[in-house]
Amino acid sequence: MSTFYEQRPEKMFIGEMTHHTFPAHVHAVAELVVVTRGTTVMTIDETPYRLNPGDAAVVFPLVPHSYDEMSEDINGITAIFPPDIIPEYAGTFHGLQPESPFLPASQTCMDLRLAVGRLSSLTMENDLPLCVAYLHVVLAGLLHNLSYRPVYDYSEKELGHRIIHYISDHAFEEITLESASRALGISVSHLSHFFSERMHTNFRRFINAIRISKARLLMRDPNMTLTEVSDACGYTNMRTFRRAFQAELGCLPSEHLDSLRNRILDGNSKY
C-alpha cells in the first residue's frame, strides 16, 4: 500500500491511541505518541520502531509514517497538532529533523510521564487549555532529549508543502505528472524525484491512495452506488476504479462493500 496524504477534518487532536493499524501517510501537522500499555510497531520514514510502555515517538510534518501492529491491550496518548501551536518549538519543527524520532522509556523524564498521565484523564471538549498545557510539558520532555540535524534547504521544504497541498486539492480531477509540474512551476523530473525520494512512492500511486481513501469513506453511505463513488473519486470508468482499488487494498470494491455491510449488520460499524 502506498503513502497517501491524510486530509484531517480537525487541526488538532489530543487523546487516547486508536486500537487500529493505519497505512503509510503524511500530513502537514506534527504527531507524537507515548505508549502506556501494550506495544505498537510504527514505521517512520521507512524505519520500523517497536514502542513498549513508556516509549515515545514524534513525527515531524510531511514525514511518511504508519502504524503497522497494535497489541490488543494497547493504550497511550496520541497528539496531532500544528507545529506552531507552541511557539517555543516552532523553530524545531520547521528548521530541524531528528536523527531518530524514537525515545525509549529509559530516556524519558518524570515530567513527561506525569503529563501523559494527566492527559489520559482529560478531554479536548472539556479541558482544551489544560490539554495544550500538558502537551507543552510532553514536548519539553521529548524534544529536548532528541538529537537533530539542521534542514539547510528551507525552499525545498516549503516546496514540499506546496506540492502536497496542490496534489491533495486536485487529486479528484484529471491530473497528470506533467499538468501538476506545470501548475507548480517545477520540472517533471523534480516532481517525480520528490515522490520517489521523499514520499517513497510514485506520483500515480500517491494520487490513487488519496482517491481510494476517499472511496472507502464514501462507501459507508448506503445511498451511494459504486459508480457514483467511482465518479466522485475522479475515475473515468469502473474498470479503472476496480483496478486501482484492488492494487491499493487487495480486493475489489464490491468485495470491500460486502464486507463493510456485513460488519454493520453484525453490529460492528468500526472501520
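Computed from a prediction, not measured in an experiment: that's the story for all the values here.
Between the CG atom in Leu122 and the CD atom in Glu125 there is a gap of 11.0 Å [rounded to 0.5 Å]. The OG atom of Ser192 sits 9.5 Å away from atom CD of Glu197, with the distance rounded to the nearest 0.5 Å. Taken from CD in Glu31 to CE in Met42, the straight-line distance is 5.5 Å, to the nearest 0.5 Å. Atom CG of Leu159 sits about 5.0 Å away from atom NE2 of His190, to the nearest 0.5 Å. Ile167 contributes atom CD1, which lies 10.5 Å from atom CD of Glu173 (distance to the nearest 0.5 angstrom). With rounding to the nearest 0.5 angstrom, the CG atom of Asn145 is 7.0 Å from the CD atom of Gln107.
Counting heavy atoms from C-beta outward, Pro253 and Val229 have side chains that stay 4.5 Å or more apart. Taking the side chain as every heavy atom from C-beta outward, Met12 and Leu128 approach each other to under 4.5 Å. Within the 4.5 Å cutoff, the side chain of Arg162 has heavy atoms near those of the Leu184 side chain. With contacts defined as side-chain heavy-atom distances shorter than 4.5 Å, the pair Leu135/Leu32 qualifies. Inter-residue side-chain proximity for Met17 and Ile77 is flagged as unmet; no heavy-atom pair is nearer than 4.5 Å. Using a 4.5 Å cut-off on side-chain heavy atoms (C-beta onward), Ile44 and Thr47 make no contact. Residues Thr108 and Leu142 form no side-chain contact, since every pair of their non-hydrogen atoms from C-beta on lies 4.5 Å or further apart. Side-chain contact check for Phe241 versus Thr227: every heavy-atom pair is 4.5 Å or farther apart.
The ring-ring contact (aromatic ring centres under 6.0 Å, His included) contacts involving residues 104-141 comprise Tyr89-His136, where partners must be two or more places apart or lie in separate chains.
The nearest pair of heavy atoms linking Glu16 to Ser120 is OE2-O, 4.5 Å. Scanning all heavy atoms of the two residues, the minimum distance from Arg204 to Ile175 falls at NH2-O, 2.8 Å. Of all heavy-atom pairs between Ile207 and Ala171, the closest is CG2-O, 3.8 Å. Heavy atoms only, all atoms of each residue included: Val34 and Ala56 are closest at CG2-CB, 3.9 Å. The shortest non-hydrogen separation linking Phe102 to Arg50 is CE1-O, 3.9 Å. In this structure, Pro53 and Gly38 approach most closely via the heavy-atom pair CD-O, 3.2 Å.
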### Message
For Phe245 and Leu252: C-alpha separation, side-chain torsions, deciding distance, then whether side-chain contact (heavy atoms from CB on, under 4.5 Å) applies.
### Response
CA-CA 6 Å; Phe245 199 98; Leu252 293 171; 5.9 Å; no
#### Entry: Test side-chain contact (heavy atoms from CB on, under 4.5 Å) applied to Arg205 and Asn208, step by step
CA-CA 5 Å; Arg205 289 199 68 189; Asn208 279 332; 5.6 Å; no
### Task
Report the C-alpha distance between His165 and His170 in whole Å, list the side-chain angles of each, state the deciding distance to 0.1 Å, and finish with yes or no for ring pair (Phe, Tyr, Trp, His ring centres under 6.0 Å).
CA-CA 9 Å; His165 283 298; His170 297 275; over 10 Å; no
### Query
Is there a side-chain contact (heavy atoms from CB on, under 4.5 Å) between Leu218 and Glu228 once you walk through the steps?
CA-CA 9 Å; Leu218 294 178; Glu228 290 171 333; over 6 Å; no
### Task
Could you please spell out the steps behind the side-chain contact (heavy atoms from CB on, under 4.5 Å) verdict for His94 and Asp84?
CA-CA 9 Å; His94 290 299; Asp84 297 335; 2.8 Å; yes
### Task
For Ser213 and Arg216, run side chain to side chain donor-acceptor pair (under 3.5 Å): C-alpha distance rounded to whole Å, both residues' side-chain angles, the deciding distance at 0.1 Å, then the answer.
CA-CA 5 Å; Ser213 178; Arg216 293 173 68 187; over 6 Å; no
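When only modelled atom types and interatomic distance are considered, Thr39 and Asn52 share no side-chain donor-acceptor pair under 3.5 Å.
Hydrophobic cluster membership differs between Val58 and Val41, with clusters built from Ile, Leu, Val, Met, Phe, Trp and Tyr side chains linked at under 4.5 angstrom.
By the neighbour-count criterion of 12 heavy atoms within 6.0 Å, atom CD of Glu99 is densely surrounded, having more than that number from other residues, nucleotides or ligands.
Taking Ser187 as the reference, Ser189 meet the side chain to side chain donor-acceptor pair (under 3.5 Å) condition, with sequence neighbours excluded. Partners of Ser100 under the side chain to side chain donor-acceptor pair (under 3.5 Å) rule, at least two apart in sequence or in another chain, do not exist in this structure.
When atom types are taken as modelled, the side chain of Thr40 and the backbone of Leu51 share no donor-acceptor pair closer than 3.5 angstrom. Side chain of Arg37 to main chain of Asp73: a donor-acceptor pair is present (N/O by atom type, distance under 3.5 Å, no hydrogens or angles). In terms of modelled atom types and a separation under 3.5 Å, the side chain of Thr36 and the main chain of Asn75 share a donor-acceptor contact. Remark: side-chain polar atoms of Tyr148 are paired, donor with acceptor, to backbone N or O of Leu143 under 3.5 angstrom.
Phe93 and Phe60 have tilted rings, their planes meeting at an angle from 30° to 60° on a 0 to 90° scale.
Tyr235 carries Arg211 over the face of its six-membered ring, with the cationic atom under 6.0 Å from the centre and within 45° of the normal.
Phe22 pairs in a ring-ring contact (aromatic ring centres under 6.0 Å, His included) with only one of the listed residues (His19, His25, His20), which is His25.
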